[in-house]
Amino acid sequence: MKAHKKILIAALILLLPFLAIALLKLSIAADFRSIVSEGNEIVEQIYKYKCENGSFPDENFKTIQGKKKSEFYYSKNDDGSFVLWTQGFSVGESIEYDSNTKEWKRAG
């Protein structure tokens with residue numbers, strides 16, 4: 001009986017790091033989806049601006065405050081496209097929207 005308890009406790013101790021990593025990955029994925037959702041609202045506003053004015057805004061490196069207090073940064077490229085980005089989940093990482101590909105990605 002005691003041997004079964006020890007094996008069970010050892011198995012739980014060994015599984016704990018894997019469970020913690022899985023929960024962390026799920027949390028990061030949920031945070032990424034939340035940031036993309038918030039960023040998509042800003043992207044829609046930028047495309048709306050283009051429809052009304054004929055081109056994307058010229059304000060490079062403009063800071064745009066998201067609804068959830070995230071800060072997004074906008075930059076118009078020389079080819080007329082734009083990039084919108086925000087801080088990622090670690091130092092040097094960003095989450096970027098590229099109007100050429102119309103996709104969000106993690107960079108850095």
Side-chain angles (χ1 to χ4, degrees):
M1 198 70 141
K2 283 187 176 184
H4 291 301
K5 249 186 179 178
K6 286 182 181 180
I7 292 172
L8 181 61
I9 290 171
L12 288 173
I13 290 172
L14 290 173
L15 286 176
L16 225 76
F18 295 107
L19 291 172
I21 290 169
L23 288 174
L24 180 62
K25 284 185 176 186
L26 286 173
S27 174
I28 289 173
D31 288 344
F32 180 80
R33 286 190 302 272
S34 176
I35 289 170
V36 167
S37 176
E38 187 175 7
N40 279 336
E41 292 177 20
I42 297 169
V43 167
E44 286 179 31
Q45 294 172 3
I46 294 169
Y47 281 112
K48 183 179 177 183
Y49 179 95
K50 181 181 180 184
C51 286
E52 293 171 353
N53 298 286
S55 67
F56 293 121
D58 288 328
E59 302 163 343
N60 283 334
F61 306 109
K62 177 179 176 158
T63 302
I64 303 168
Q65 190 73 39
K67 289 183 179 178
K68 297 178 184 176
K69 297 187 179 180
S70 298
E71 286 188 344
F72 289 85
Y73 307 95
Y74 167 88
S75 181
K76 183 177 176 183
N77 298 324
D78 291 337
D79 66 359
S81 63
F82 74 91
V83 176
L84 184 71
W85 73 95
T86 189
Q87 174 66 41
F89 304 110
S90 63
V91 175
E93 181 186 46
S94 63
I95 299 172
E96 302 175 354
Y97 175 85
D98 184 342
S99 68
N100 285 321
T101 62
K102 296 186 176 12
E103 292 180 351
W104 287 92
K105 68 177 180 178
R106 291 172 64 181

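The first residue of the sequence shown is numbered 1, and numbering continues consecutively from there.
- Side-chain atoms of Tyr74 never come within 3.5 Å of backbone atoms of Ile46 as a donor-acceptor pair (strictly under, hydrogens ignored).
- If you run side-chain contact (heavy atoms from CB on, under 4.5 Å) between Ser81 and each of Val83, Asp79, Asp78, only Asp79 comes through.
- Counting only heavy atoms from C-beta outward, the side chains of Lys102 and Tyr47 approach each other to under 4.5 Å.
- How far CZ of Phe82 is from NZ of Lys62: 13.5 Å, rounded to the nearest 0.5 Å.
- Rounding to the nearest 0.5 Å places CD of Glu93 at 10.5 Å from OG1 of Thr86.
- Put simply, CD1 on Ile64 and OG on Ser70 are 12.0 Å apart, with the number rounded to the nearest 0.5 Å.
- The CG atom of Asp58 sits 10.0 Å away from the CG atom of Asn53 when rounded to the nearest 0.5 Å.
- Between Trp85 and Tyr73, the ring-plane angle classifies as tilted under the 30° and 60° cut-offs.
- Rounded to the nearest 0.5 angstrom, Ser94 OG and Gln87 CD are separated by 8.0 Å.
- The closest side-chain heavy-atom distance from Trp104 to Leu84 is below 4.5 Å.
- Shown here for Phe56 and Ser99, the closest heavy-atom pair between the two residues is CE1-OG, 4.5 Å.
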